[in-house]
2 protein chains.
Amino acid sequence: MPGKREQNREQNRQALIGAVLDSVAEKGISETSVSEIIQRAGLSRGMIHLHFGGKDKLVQAAAHHSSEEYYDGLEALLQTAGDSPQERVEMIVRGDLSERVLNRRNVSIWYAFRGEARNRKAVAEYSDTRDGRLRGMIHNAFSRIVREAGTPDATGAARDATHGTLALLEGMWTDFLLHPDQFDREEASRVIFRFLAAMFPTHFSLKGAIPPKQARAR
Amino acid sequence: MPGKREQNREQNRQALIGAVLDSVAEKGISETSVSEIIQRAGLSRGMIHLHFGGKDKLVQAAAHHSSEEYYDGLEALLQTAGDSPQERVEMIVRGDLSERVLNRRNVSIWYAFRGEARNRKAVAEYSDTRDGRLRGMIHNAFSRIVREAGTPDATGAARDATHGTLALLEGMWTDFLLHPDQFDREEASRVIFRFLAAMFPTHFSLKGAIPPKQARAR
DNA sequence: CAAGAAAATGGACAAACGTCCATTTTTACT
DNA sequence: AGTAAAAATGGACGTTTGTCCATTTTCTTG
């Protein structure tokens with residue numbers, strides 16, 4: 001058992017990290033000060049230095065936490081996917097565009113950290129490993145698809161399809177960042193599958209990508 | 001003629017804007033202070049208040065300037081493109097990925113502002129109008145392509161192709177931000193054209209994406 | 001239950017921030 | 001050349017920043 005002491009300790013650490021993420025999401029990095037953080041966390045000034053050794057380290061820990069959370073969510077979703085590569089790709093795309101992953105809070109946080117990534121190497125690394133793991137999952141799936149489809153230059157085709165899919169997802173996130181109100185998840189995934197269907201007609205079909213319930217035109 | 005007075009005035013305004021952009025590119029927004037700016041510009045403290053009425057306004061002006069610069073560069077490039085829609089798309093894609101537009105400085109600046117865009121509405125607007133103009137240019141081209149190709153549901157197809165192409169470009173920029181050393185412009189545009197070729201086989205060919213002689217078929 | 005250790009507090013502190021303005025310097029006009 | 005206006009200077013100002021530590025509170029252990 002953890003013991004009440006250790007329990008409180010961890011709880012306060014988490015409260016600080018949560019406060020940073022809330023503040024970054026709402027006010028941005030530049031307005032996330034020590035005062036802002038401790039006020040949100042309802043804790044005292046000294047806690048940041050005590051638990052993390054300084055504000056920068058805390059922010060770094062928060063970035064790490066956020067990154068882990070994102071990937072864990074996506075991986076959990078992927079567990080529920082079938083074995084076929086197209087199912088896995090579809091699950092990743094839909095997962096990456098789902099409310100749970102792609103929402104105002106996450107997007108604000110993600111882009112805020114990215115904007116400062118150039119200067120905070122530690123932050124940039126998490127951003128990297130996240131993308132690295134995601135890339136591996138997608139590349140795996142496309143390797144199999146390409147092999148099954150007998151596409152010429154299989155290696156290059158799989159790499160390009162992976163590259164393109166990741167870029168498309170990235171672009172959709174940016175869309176959401178800039179126009180959260182107008183953003184349409186269905187449209188975003190339809191666009192991606194339209195590209196994929198054109199590239200691998202035997203594995204992806206446009207209609208299959210659209211939930212049967214909803215008609216196309218609007 | 002402008003007069004030496006007005007000339008100096010404008011020169012100093014530009015020096016301040018340039019200093020902001022340099023600092024943002026190198027150190028990030030959070031480390032871009034008034035002291036940093038005036039030191040880079042080689043001017044005195046009071047100039048920021050005199051010419052722009054405060055630091056925030058200056059930063060806003062810098063964001064505007066950067067945005068204009070980007071679009072002007074792209075538009076200039078587009079002037080040299082032919083009339084055919086595929087040529088125009090190709091020019092936009094290649095232009096957006098060219099050294100002149102996509103370089104460390106621009107990318108750092110762009111993402112730094114984006115990261116804070118949520119809080120600085122004025123900054124977000126420039127980001128928006130930029131994308132709006134770009135979107136218009138691409139959509140125009142795809143509308144013609146779709147019509148020529150006789151794609152079913154022409155309106156939706158053009159919109160999706162536009163959406164996807166913009167997302168792809170956006171994704172490539174992110175690639176560059178995170179891995180400027182490993183980034184390969186040729187690969188990036190090849191990936192994009194691979195997707196476009198799959199979607200519009202009659203207008204884009206993968207080999208044709210590497211400067212074609214086949215162009216302008218009509 | 002007492003004693004010791006760990007955790008939490010909140011204020012002191014220097015440094016850095018952006019704003020503003022009294023003063024000096026530069027330019028334009030008579 | 002002399003004068004008025006505009007531009008530029010740089011320091012003073014009040015805030016706010018992040019760090020750190022002497023003190024108090026809370027929990028654990030013997």
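Because the structure is a prediction, the values reported are computed rather than measured. Lettering follows sequence order; numbering is per chain, from 1.
Among all heavy-atom pairs drawn from A:Asn106 and A:Arg100, the shortest one is ND2-O, 3.7 Å.
At least one side-chain nitrogen or oxygen of B:His49 sits closer than 4.0 Å to the OP1 or OP2 atom of C:dC20. Contact between the side-chain N/O atoms of A:Ser35 and the OP1/OP2 oxygens of D:dT17 is found at a separation under 4.0 Å.
Note: CD1 (B:Ile29) to P (C:dG18) measures 13 Å, nearest angstrom. Atom CD of A:Glu10 is separated from atom C1' of C:dA6 by 15 Å (rounded to the nearest Å). Atom CD1 of A:Ile37 and atom P of D:dT17 are 10 Å apart (whole Å). One interatomic measurement links the two molecules: CD1 of A:Ile38 to C1' of D:dT16, which rounds to 13 Å at whole-angstrom precision. Going from atom NZ of B:Lys27 over to atom P of C:dC17 covers 10 Å, rounded to whole Å. In this structure, CD1 of B:Ile48 is placed 16 Å from P of C:dC21, rounded to the nearest angstrom. The distance from atom CD of A:Gln39 to atom P of D:dG18 is 13 Å, rounded to the nearest whole Å. Rounded to whole Å, atom P of C:dG18 lies 14 Å from atom CG of B:Leu16.
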What pairs of donor and acceptor atoms, side-chain ones from residues 5-13 of chain A against any protein atom, are under 3.5 angstrom apart with sequence neighbours left out?
| unit_1 | atom_1 | unit_2 | atom_2 | d |
| --- | --- | --- | --- | --- |
| A:Glu10 | OE2 | A:Gln14 | NE2 | 3.1 |
| A:Arg13 | NH1 | A:His51 | O | 3.2 |

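Note: A:Phe193 and A:Phe204 have tilted aromatic rings, judged against thresholds of 30 and 60 degrees for the angle between ring planes. The aromatic rings of B:Phe195 and A:Phe195 lie tilted to each other, with the angle between the two planes from 30° to 60°.
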Worked verdict on B:Glu186 versus B:Arg190 for salt bridge (Lys or Arg N to Asp or Glu O under 4.0 Å): CA-CA 6 Å; B:Glu186 270 314 313; B:Arg190 186 189 66 228; over 6 Å; no
Nucleotide-resolved protein contact map, nucleotides 5-13 of chain D, B/S/- at heavy-atom distance under 4.0 Å: BBSBBBBB-
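More than 12 heavy atoms of other residues, nucleotides or ligands sit less than 6.0 Å from atom CG of B:Asp72.
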